[in-house]
Amino acid sequence: MKCHSVAALWSPSPPSHHVTAAAASPAALFTGAADGTVLHWPLAPASASASPRPSSLLCAHAAAIAAICPLPSPASLLAACAAGVLSLFSASAPLRCLRRRSLPPWAGSPSLVAPLPPTSTSSNPRVAILCHAPDDGVGHRHVSALVVVDARTLTVLHTAFHGTLWVVTPRAIAVCGCGDEAVSVVLADAEGRAQVLPVAKGVAVEGESPRRLSVSSMSSATSAEMADGRVEAVALSHDGKVVALVLKARCLLKCVAEGVVLGEMSLLGTPLCKGDKEEENGCSVGVFFLHGEEWSACAPDDGIVVRSLVLWSSSGAAAVYRVVVGTSSFESEAVCEIPDILSMQGEGSEIKFCQLDQRLVRVESFSYKVAGSLLWKPKISIWSLDQLELGIAENKLPSSKLLGEGGLQGEEFRPEPSHSHYDINNGVERYGRYSQVCSSDSNNLERYGRTVSSSMVLSEDSYAPYAVVYGFHNGDIEVIRFLNVSPATAKFGGGGIYPHISERFFLGHKGAILCLAAHYMHARSDSRNFHRALISGSSDCTIHVWDLDAGTLLSVMHHHVASVKQIILPPAWTYHPWDDCFLSVGEDGLVALVSLETMRVERMFPGHPGYASMVAWEGVKGYIACLCRNLHTCNDAGSGLCIWDLKTGARERIISGTASQSAFEHFCRGISKNAVTGSILGGTTSASSLLVPIFKDTSHLWSHAGKKGHDISSVSTNHNNGSIVSVTVSASTIYDFKGKTPAPDEARVFHGGNCVYSSEKAVSSHSVHKRIKCPIKCSCPYPGIASVRFDLTAIMSTQGMTNSNTDKQSRGHLHSENAKETLQPGMLDCPSGVHEMDSPSRESLEGRLLRFSLCFLHLWDVDCDLDKLLVDEMQVCKPEGCHIATGVVGDRGSFTLMFPGKEATLELWKSSAEFCAMRSLSIVSLAQRMITLSRSCTNASSALAAFYTRHFAEKVPDIKPPSLQLLVSFWQHPSEHVRMAARSLFHCAAPRSVPPPLRMHKNKAPDALLSSSDNMNDFISAVQSASISSYGELKADSGNVDKDDSDTANMILWLESFENQEWLSWIGGTSQDAMASNIIVAAALVVWYPSIVKAKLACFVVSQLIKLVMSMNDRYSSTAAELLAEGMESTWKACLGAEITHFMSDILFQIECLSTAPSSSVIHKTAVAVTMREALVGTLLPSLAMADVTGFFSVIESQIWATSSDSPVHVASLKTLTRVVRGAPKALAPYLEKAISYILHTMDPSNLIMRKACIISSMMALREMARVFPMVALNESMTRLAVGDAIGEIHNATIRVYDIERNSTTHLSPVIVLSNGPLKYEIALLASNFARKRVKFG
C-alpha cells in the first residue's frame, strides 16, 4: 500500500493566472488558466458575506485550459486542456485528481465540452467533447471530431462525428433530447449557423460530407452583421433550440431548427453599449442563458417560452434580460444590471461570467508587465440575482447587490516572522564565496516583489532535496539551499536547526529566465575546474553557464536568435564526450548541442518546421527526436517529427501529420521512471512534471523499460506562453554514483576525483535500483511551485543506513570551493571530496531523513509548546526562505497543492478523512521511529505522536477523524512502526468515526460525549472497558433496538460495498481491498467497541470474516485471523456454534495448501506464507481449540489418517495443542487422555516419517503438559511418561505409564506406587504430585 505525503514549496510571489475557462459548482468556483493551472475558490452561502480567495491549486495540465465542466452524482470536476489531456477531480476537499488521461492524437485539441444526460445502460455520466482545428485563413476547414467520453474512467466510448463540419469554428455547444437514442449535440458558429450531431452509438457521422440534420440560414441577419461588424459572442440555450448572437449594438435570437430570427434586442443606451461611441470598452463580449425554473418556463398550450440571458461587456458591465417568445410575438425586458469596473487595473483585462444558483460570478483577469513579460492577476466578485438595489436615476435599471469580492492579492505570500535561531538574510554572506555576478545580502533585490518565471529542485541521487532554484522575470536567479540534509551540505552550515536556509543570487541575464538545468561534470580538465554547472536560458536569446558551487559565471553563449525555451541534459548511458554536453532549444527552431568541456557549440540541428516543443534524447544509440507540434491543428502541416543522429549531425527521418505524435510516443516508450522525481522527467531541470505523454499501457511501458534499463534524465520547458507546450525526454539508464552508468560488463571504481573501469562484472540492475530508491521525490509542476513527495515505506526502509552508505549512494552536492584542497582525516574519503558531518551533528541517513520529513510535514503554529519542544530537543524547526503548504498526490503525476497559510491547511484537515489518516499515519510513524533511533528526542517524539493521535482533535475540534478503512489497510505493513501507528490511530478515531450503518442509536450518551473534546479520553476508556455482560444485555435487547429491517439491509450493503470508494485511490487499492477493509473495520468495532455498534453486526460480519481468512489475502487474512482469535470467547463463539469444528478443519487444509502451493501462486511467496501460517497456527487455531476442545480433538485425530505422514498439519496441531495447554489447562484437563494419546501417536516408532517431522513439537508438548498438569510426569532420560486420572476418586484412580521409545503402556494403581518396582521413581513422583494437587482439577 502506498502512503505518500506531499509538501508544497511556494515562491515568495503569487503566481500569474490568465483565466481561459471558468465554471461554478454549488459551493465553489473553478478557474482555468493559460498555463494549465486550475484554481479552486471556495464560496460561502448566499446568506453570508463572502470574500473569495483561492484555497488550492489543481495541477494536472501543462497547456491552456479549454473547458471546465462540473459533473453530478458523485460531484466531480472535468477539465480539458489544449494538449488533449483530460483530468477528473473530486468536487469535495481535497479536490484530488482521480483520473488523468489523454485523448487520441487524431482527435485534435478540445475546445467545447457538454455533459450528456444519463442512459439506462450505464450509471456513469458521459460528456461530449468537441475537438477541432480553426480555419487556416485561406478558406480550408480542418478535420474535427466529436467524441463521447466516460466521465468516470475518461475513456473514449465512441466517436459521434469525425470529418469536416458544415459550420465554421463552433463557438457554443448544447445538448438536446433525452433517452438513449434521441440525444444530439448542437454546435453554433459565429455566423449564427448551427449543426446538430447525434451522439448515439452506431450513428456516427464521418467523412468529408457529414449529414446535416439542421443548418440554419443567415439571410435574415446578413444586413445587421454588415452594419454592426462581426459577431461578438454566441450562446445556445440549454435545450439547444435557440441561439443568441451578440453584435455590437444589438442581440439577435434565432431558432435553431428553422433558422429564422425570433426577435431582436437593442443594446444602445445600456451599460453594454454607451451611446454611439465605438470604443472597445463599450463592446459586448459575452452571453449565456440562465438555467433554473425561475429563469426559464414553457407553456406548450399557448406556445409561449420564457428565457433569460446575461450579456456583458469588456468593461465588466452586465445586464440580465428576460425574453418572452410566442407564436407571433417577441418581448424582451431588462431585469437588472451589474455595474462596470470602476478602475481598470493593469494594461488590459478579460471578463467572464458564470451562474451559481441565484448568483452571478464575475471573473476578471488583469494584465500587467514585469520586465517585459505580460503577467495576469485574477479577481472574483459575486452578485445576487434576487437581491436588487433600486437606482437613483429615473430610467436606471435596478442594480444587483454585491455579495463579496476577492482575488489572488498575495497576502498568503507575505514574509512570515522567522521561527529559527538563524537569520536567513545572512545566508549569502556566511555560506558562499561571491564574485561580481553574485549579489550580497545588502542588495536583496526586493525579493518579495519579483515573479518567478522558471524553477527547479535540486536533489539528483540524494535521498532528499537540498536546494530550490528560482529564475525571475527580471533575469535574476536565486538558489535557496536546505542545509543539514546531507553530509555534503553540512560544511556550509555546521549542525544546528533542521533545515537551515542559505541563499545565493546569480545576476547577468537581461530577460526573463525561461529554463534552468544543473549538471554534474564527469570529466575534469585542468583549464576548467568546476564540479557542478548551472545552465540558464533566457528571453534575451542567451545561455549562461555558472559554477553552481562558487557562484561564478563561466560562459555566455549567443547561438540563438530567439528566446531559449529548453535545456536538455544528457542521459546516464551517454559516454564521453557526450556526457558533458547539453541541448538547447530555441523559439527560432534551432536545436544545438553544446559541450561544457569546451564551452562551444559542437552540433546544430536546424530546419525544423517550427519550434521543437517536445524533444527526446536517446543516449544508448545517440539519437534525438524533435517534435514540432501545433496544439491547434491536426493536419499534416501542423505537426512534424525530426529524428537526428547526434554524433554525425545528420537528419535520419521526417514524419509529418498526426503520425508524428504517435511516433514520438513510441520513441518514448522505452524510457522508465526516474528514481529521484518519481516520473520520467529528470530531477535537475525546470521542466514541468506534467509534460510527459500519458501512455495508455503503463504496465507495458515500465516492463519494457525495465528490460532495457532505460531512465529519463532531463526535461525542459517554457512556462510563460500558455499556447506553447515544451517537453524534453531523455532516455537513460541506471545512475552510478557520479551520474553515469557503467557498461553492462564493467564496474566502475573510483579513485579520488576520477573514475576508471574495472574488469569485474557490474552490479545487477536490481541491486542498483534498490540502492538509489529515493524516499523523498520532488518536481516542479509550474514555475515557482515545487512539490515534495514523502514515501513513508521508502523512508522506513532506510533503517540502519549510516553516513558512509549515504556518501556512497548519493552524489556530492556542494563541493569544496578550492579544488586543490586536500582531504583531512576528519573528511570522508570519497570521489567528490565532500566533508563528512562533524560531531555532534553526525548521525545516520535515517535520522536526517526523519528530521527533514518532520520539518515539512508537521503543521506548525497550532501547538506552540510542541513547536518549541521540537526546536529545542529535536533540533527541528519550520523551514524559512519559502512558503510551505501541504498537498495530496493524484493520478499519473498530478497534484493538488494548497495555498500557503495555516487556514488553507486546516481546511484540508477539516474536510478530508483520507488526508487526515495519511498525514497522521506518516507523522506518527516517523515520531515513533525517532523514539527508537535517538534517546535524546524521546520527549519531543512522544509529544508529537500524542498530538496527532489525540491532542490535535482537542486543539481543533472540527477536524475530520481519520478514515478507518484506510488505517486498517496498514495493519500488516512491513514496518513495525507503521503498524503500531495505524492501530493507535484506529483506536483513537474509532469512537468518532463509526460508519452510520453500524452505529448504535439506542443510547444518546456517546453523542454528547463526542461533542466535547475534553471528554474524549474518558469516552475512549469507557467504551474500551465495556464488559461482556453489558454486551450480552445489548444482544438481549436487540429486538427492541433494531426493529427496522432496513438497518439489516444497510449493514449488509455497507459490508459488501466496493464501488465509489475514494480512499482506495489514495493507497492504490482495488475493489477487493474495499470489501476487505469494510469487514476488518466492522469486526474490530464488534470486538473492541461492542457498546457503540449494533448488536446484529456480529452475526453478519463473522461469516465475512471467515471468508476473508480463507481467501489467503496477504494484507488482510492475518488481521482477520487475529480479530477472530481475540473475540472468539466473548463474541464469535455464540455466533458460530457447531461451525467451529468445520472451520478448524478448513484452516488445517489451508495450512496444507500454504506448504504445497505451486510456485506460480501468489500465496507461495515466502514472507507471505510464513506470516499467514503464524497467524493461523499461533493465533487463530488455539482460540478455536479453546472454544471447542471436543471438536478440536475430533479434527486432529481425523487428520492422522486423512493426510500424509509428513504433512505440516501434524506439526500445526501439536503447536496448537501446546498453546491450549498454556492458555486453557482447565478446559483441557477432562481430555487429558486424548491429548496424550495424540501426542504419542505422532511419536510412533513404526511411522518414522511422522516421528521425524513431529518429534520436536511432540516433546515440546509433553514438557509443557508435565509443567502445567500435576498428574503428568516426564522422565526424558528414561523415556518414560506417567499420567494419572484428572477426575475421579483418588482410591479408584489409575496411573498409566508410557514407554515413549517402544510406545507401550502400563496401568497401575496409586497403592502400588508406594511399593518397589521398575517404575518406582516416576510413579512415586506422580503419586506425590497427584495426591497433593489433584484437588485443583477435581
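Please read these numbers as outputs of a predicted model, since none were measured by experiment. When reading the values below, keep in mind they use all heavy atoms of this one structure, side chains included, and skip hydrogens, waters and symmetry mates.
With sequence neighbours excluded, the residues forming a side chain to side chain contact (heavy atoms under 4.5 Å, CB included) with Leu29 are Ala24, Thr31, Trp41, Leu43, Cys354, Val361, Val363, Ile380, listed by chain and number. For Arg362, the side chain to side chain contact (heavy atoms under 4.5 Å, CB included) partners two or more places apart in sequence, or in a different chain, are Ile338, Ile341, Ile351, Phe353, Glu364, Ser381, Trp383. Judged as a side chain to side chain contact (heavy atoms under 4.5 Å, CB included), and not counting sequence neighbours, the contacts of Asp150 are Asn124, Arg152, Thr153, Thr155, Leu157. Take Ala66 and apply the side chain to side chain contact (heavy atoms under 4.5 Å, CB included) test, not counting sequence neighbours, and it matches no residue.
Val127 and Ala151 make their closest contact through CG1-CB, 4.3 Å (heavy atoms, listed as atom of the first residue, atom of the second, distance). Closest approach of Val113 to Cys69, counting heavy atoms only: CG1-CB, 4.0 Å. Residues Ile382 and Pro52 approach most closely at CD1-CG, 4.2 Å, considering heavy atoms. Residues Ala145 and His162 share a closest heavy-atom pair of CB-CD2, 3.7 Å. Heavy-atom minimum distance, Val85 versus Ala60: CG1-O, 4.1 Å. In plain terms, the two heavy atoms of Phe289 and Ala235 that are nearest each other are CE1-O, 3.8 Å.
Interatomic distance, Leu1064 CG to Glu1062 CD, rounded to the nearest 0.5 Å: 10.0 Å. Interatomic distance, Ser87 OG to Leu98 CG, rounded to the nearest 0.5 Å: 10.0 Å. Note that CG of Leu95 and NE2 of His40 are 4.5 Å apart. Values are rounded to the nearest 0.5 Å. Leu247 contributes atom CG, which lies 11.5 Å from atom OG of Ser266 (distance to the nearest 0.5 angstrom). Annotation: the span from Leu309 atom CG to Arg322 atom CZ amounts to 11.0 Å, rounded to 0.5 Å. Taking CD of Glu232 as the reference point, atom CG of Leu311 lies at 11.5 Å (rounded to 0.5 Å).
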Stepwise side chain to side chain contact (heavy atoms under 4.5 Å, CB included) check, Leu86 with Leu103: CA-CA 7 Å; Leu86 307 178; Leu103 292 172; 3.7 Å; yes

Evaluate Val19 against His17 for side chain to side chain contact (heavy atoms under 4.5 Å, CB included), listing each step before the verdict. CA-CA 6 Å; Val19 179; His17 192 70; 3.6 Å; yes

Go through it in stages, so that I can follow the logic: the residues are Lys241 and Val256, the test is side chain to side chain contact (heavy atoms under 4.5 Å, CB included), and I'd like the CA-CA distance, side-chain angles, deciding distance and then a yes or no. CA-CA 5 Å; Lys241 295 181 179 180; Val256 171; 5.6 Å; no

Could you check Ser400 against Leu360 for side chain to side chain contact (heavy atoms under 4.5 Å, CB included), going step by step and ending with a plain yes or no? CA-CA 9 Å; Ser400 178; Leu360 284 179; over 6 Å; no

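For the pair Pro115/Pro125, no side-chain contact is recorded, criterion being any heavy-atom separation below 4.5 Å from C-beta on. Looking only at side-chain heavy atoms (C-beta outward), Val156 and Val148 stay at 4.5 Å or farther from each other. Using a 4.5 Å heavy-atom cutoff, the side chains of Phe330 and Val323 are in contact. Looking at heavy atoms from C-beta onward, Val335 lies out of side-chain contact with Ser308 at the 4.5 angstrom threshold. The closest side-chain heavy-atom distance from Thr159 to Trp106 is below 4.5 Å. Taking 4.5 Å as the limit, some side-chain heavy atom of Leu57 sits within range of a side-chain heavy atom of Tyr782. Contact of the Ser76 side chain with the Ser90 side chain is not registered, since no non-hydrogen atoms from C-beta on lie closer than 4.5 Å. Between Leu627 and Ser660, the closest side-chain pair of non-hydrogen atoms falls below 4.5 Å.
A distance-only check finds a donor-acceptor pair linking the side chain of Ser109 to the backbone of Ala82 [under 3.5 Å]. Side-chain atoms of His158 come within 3.5 Å of backbone atoms of Val199 as a donor-acceptor pair (strictly under, hydrogens ignored). Under the 3.5 Å distance criterion, the side-chain polar atoms of Gln195 are matched with a main-chain donor or acceptor of Trp166.
For the side-chain hydrogen bond (donor to acceptor under 3.5 Å, both in side chains) condition, the pairs that include at least one residue of residues 18-29, sequence neighbours left out, are His18-Glu350. Within the structure, every pair that satisfies the salt bridge (charged side-chain N to carboxylate O under 4.0 Å, His left out) test and touches residues 99-122, not counting sequence neighbours, is listed here: Arg101-Asp891.
Shown are Leu236, Leu197, Asp239, Ile173; of these, the side-chain contact (heavy atoms from CB on, under 4.5 Å) with Val186 is made only by Leu236.
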